[in-house]
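Since the model is a prediction, treat every value here as computed from it, not as a measurement.
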Amino acid sequence: MDVKIFEYDVVIVGAGLAGLAAARETTVAGKKTAVITKLHPLRSHSGAAQGGINAALGAEDSTDLHAFDTIKGSDYLADQDCVQLMCEKAPETIRWAEHMGAVFSRDDNGDIAIRPFGGQSKPRACYAKDRTGLTLLQTMYEQAFRSGIEVFDEWYCSDLIYKDGKVSGVVAFNIRDGKMAIFNSKATMFATGGYGRAYKINSNAHANTGDALSIVARHGLPLEDMEFVQFHPSGIGGSGILISEAARGEGGRLLNSKGERFMEKYAPNALELASRDVVSRAIQQEIREGRGVGPNKDSVYIDLTHLDPQIILTKLPELRELAITFLGQDMLKEPIYIAATAHYSMGGIPVDINCHVKKNPNELIEGFYAAGECSCVSVHGANRLGANSVLEALLFGRHAGESIVKDIDNLTFRPADVKDAQNAINELTWVKTNNGNERVPVLRAELQESMTDNAGVFRTAESLKKQVKKIKELLKRYKNIRIDDKTSTFNTELQEAIELGHMLEYSLFIVEGALARKESRGAHFREDFPKRDDKKFLKHTYAYMDKEYNITQEYADVVLGKFEVKERSY
């Protein structure tokens, strides 16, 4: 296969908020930057964020209070130095985005409007109606494009060039014609988003298949805290499409089949605005105990009919349209069906406070950076607060770009060779020519259904062991796949087959991490170990995979600080 080699100062994989913010910083600093993305940047999943982006802008709010809420929400697993940095820089980040053209909603005084979100002691989610992510994504793309970034859209990153503790770029193929290329660079950054598609009911775009995680793990590098997968309380019943936390922030009430406002039992003070893990478990518990609603009794109601219709029409217009389109229910006139949906990954590629990727808890990799949902700087710990993810992506994306600019003159350029593309070529050739009898959609459906059943909101040793066995069975069957499309032009069957291989591998990290963590903390809830165990598990998980898919784990200390570890209640 003919392999072209491109040379850049900086190569960034992923074109959501984190990738574009980094690319803008490196390009403005005069560094030749390439952005590689499966999709056009404006189709990135950052655009799906609805409710807001956190910053302590309110008169009664403070960055310390924001930090405390974030650390408490994380069930004390977040690294406090990283949280402090994020919360202190949040107001400046909002102003930065605004000055670049992001149009936020305004309050009666003309200030940026803020709304309450779950687990937070003050309203601090700055918003643009219920299209906050899209507003910010469009702004970042415009400004990054204006600064001169080069975008390779509809390119699929299939391998990392990693040797002797240094990353020297990536291998990717053009989805349009199947041609392989090497993007050789001094600095390489992953900003590829999350992996919610591992679950059947999820809020994620079809592109969110977590490829970067598995690509990193295949090189013997660690993934951190993969057992912590957030389930958002309010996905549309049956499909998981997101109804933003903004619906509860504006006053939505959760009701069961008896018409009871059941959050009074689970979080008597915060009610619907408790942290996401608490509300998700409450919803699933009501359904389990037979108080669900809907055709299959697998949902609960969110009721907004008591609100002034103008609140819905001006602040939540997209949510109303989604419910009408996918449920045939108008939230102006009736309660709508919702249930917990796989939404966000707290874990990912381990990085330090300046977004350098770690080789292990104590060593960094030269020339390799990550930011956004694919990374784990650990500002979310075991559970993320709503509207902190958009902040993390934008703030740490920009911060990663600044780190690259500071470092780049001291980074060596290792010229790439065509041999660096051999693993990626072999994988592509194998998928095209393998002549087995297993079908990718069948295996993917089995993975997603079993992950939802066995490693979802509620977990036990029995369910997790069952899931480990299931994934290992699916990995064996994956070796026997076959695709019918052997062409090179927009071969989506080929792409989905490669993506499934990644999904199977990182799903094993999720389940093995959950099995080893014999406690309940944040989004990870073990019914056989319902209490948090700070003596044994106030630790980050670092997990490694060998070529036979065996996972080994070690633990690293959480960075503590001024906020004392204590019991969490809402």
Side-chain angles (χ1 to χ4, degrees), residues 4 6-49 53 92-104 126 128-129 131-157 169-170 172-177 181 183-193 205 207-208 212 355 369-375 389-406 408:
K4 191 170 182 182
F6 297 97
E7 292 186 358
Y8 286 89
D9 295 318
V10 184
V11 168
I12 295 170
V13 183
L17 280 177
L20 289 175
R24 183 196 174 274
E25 293 304 294
T26 58
T27 309
V28 166
K31 307 306 174 188
K32 189 182 176 190
T33 302
V35 176
I36 299 167
T37 168
K38 281 189 204 178
L39 308 163
H40 186 275
L42 291 181
R43 296 290 173 267
S44 298
H45 197 56
S46 297
I53 173 170
E92 178 213 333
T93 302
I94 299 298
R95 300 295 183 202
W96 178 69
E98 185 190 31
H99 291 165
M100 285 199 297
V103 181
F104 289 97
C126 311
K129 289 191 175 180
R131 302 185 180 107
T132 311
L134 186 59
T135 298
L136 291 167
L137 182 64
Q138 287 171 332
T139 303
M140 282 313 311
Y141 178 60
E142 287 165 5
Q143 296 303 324
F145 189 80
R146 182 185 188 184
S147 70
I149 62 166
E150 289 183 56
V151 178
F152 291 79
D153 62 319
E154 294 183 327
W155 279 74
Y156 186 97
C157 174
V170 299
F173 66 86
N174 190 335
I175 296 168
R176 293 177 182 83
D177 58 17
F183 292 83
N184 197 186
S185 60
K186 277 187 170 186
T188 305
M189 176 177 163
F190 275 2
T192 55
N208 282 30
C355 306
Y369 304 78
E373 193 175 350
C374 75
S375 73
S389 63
V390 186
L391 174 63
E392 183 211 11
L394 190 59
L395 189 153
F396 279 100
R398 183 188 181 195
H399 191 54
E402 292 168 340
S403 288
I404 292 169
V405 171
K406 280 179 196 164
I408 200 158

Measure the shortest side-chain to side-chain distance between [X] and [Y] over non-hydrogen atoms and say whether it is less than 4.5 angstrom.
X: Arg176; Y: Asp153; result: yes
X: Pro41; Y: Val35; result: no
X: Ser375; Y: Phe396; result: no
X: Phe6; Y: Val11; result: no
X: Arg43; Y: Lys38; result: no

At what distance, to the nearest 0.5 angstrom, does [atom1] of [X] lie from [atom2] of [Y]?
X: Arg398; Y: Met140; atom1: CZ; atom2: CE; answer: 9.0 Å
X: Ile94; Y: Leu136; atom1: CD1; atom2: CG; answer: 7.0 Å
X: Leu39; Y: Glu154; atom1: CG; atom2: CD; answer: 8.0 Å
X: Thr37; Y: Ile12; atom1: OG1; atom2: CD1; answer: 12.0 Å
X: Ile53; Y: Leu395; atom1: CD1; atom2: CG; answer: 8.0 Å
X: Thr26; Y: Met189; atom1: OG1; atom2: CE; answer: 9.0 Å

Listed partners of Glu98 passing side chain to side chain contact (heavy atoms under 4.5 Å, CB included), at least two apart:
Arg95, Phe104, Arg106, Ile112

Does Asp177 have any side chain to side chain contact (heavy atoms under 4.5 Å, CB included) partners at least two apart in sequence or in another chain, and if so, which?
Asn174, Lys179

Closer than 4.0 angstrom, basic N to acidic O: yes or no for Glu142 and Arg146?
no

Are Ile149 and Leu20 close enough, and set up right, to give a side-chain contact (heavy atoms from CB on, under 4.5 Å), and what steps lead you there?
CA-CA 9 Å; Ile149 62 166; Leu20 289 175; 4.0 Å; yes

Glu402 vs Lys406, test: salt bridge (Lys or Arg N to Asp or Glu O under 4.0 Å). Steps then yes/no.
CA-CA 6 Å; Glu402 292 168 340; Lys406 280 179 196 164; 5.9 Å; no

Quick one: do Trp96 and Leu394 satisfy side-chain contact (heavy atoms from CB on, under 4.5 Å)? Show the steps, please.
CA-CA 10 Å; Trp96 178 69; Leu394 190 59; 3.9 Å; yes

I'd like to check the side chain to side chain donor-acceptor pair (under 3.5 Å) partners of [X]; sequence neighbours left out, ordered by chain and number.
X: Arg24; value: none
X: Glu25; value: none
X: Ser389; value: Arg384

Is a side-chain donor or acceptor of [X] paired with a backbone partner of [Y] at a separation under 3.5 angstrom?
X: Lys31; Y: Val10; value: no
X: Ser44; Y: Ala15; value: yes
X: Ser147; Y: Thr27; value: no

Closest heavy-atom pair and its distance - [X], [Y]:
X: Asp9; Y: Ile408; value: O-CD1, 3.6 Å
X: Thr132; Y: Cys126; value: CG2-O, 3.9 Å
X: Thr139; Y: Ala102; value: OG1-CA, 3.4 Å
X: Ala371; Y: Cys374; value: O-SG, 3.8 Å
X: Gly16; Y: Ser46; value: CA-OG, 3.6 Å
X: Cys157; Y: Ala172; value: CA-CB, 3.8 Å

Less than 6.0 angstrom from the centroid, inside 45 degrees of the normal: does Lys32 satisfy that with respect to the ring of Tyr8?
yes

Residue set satisfying ring pair (Phe, Tyr, Trp, His ring centres under 6.0 Å) with Phe145, at least two apart, ordered chain then number -> Tyr141

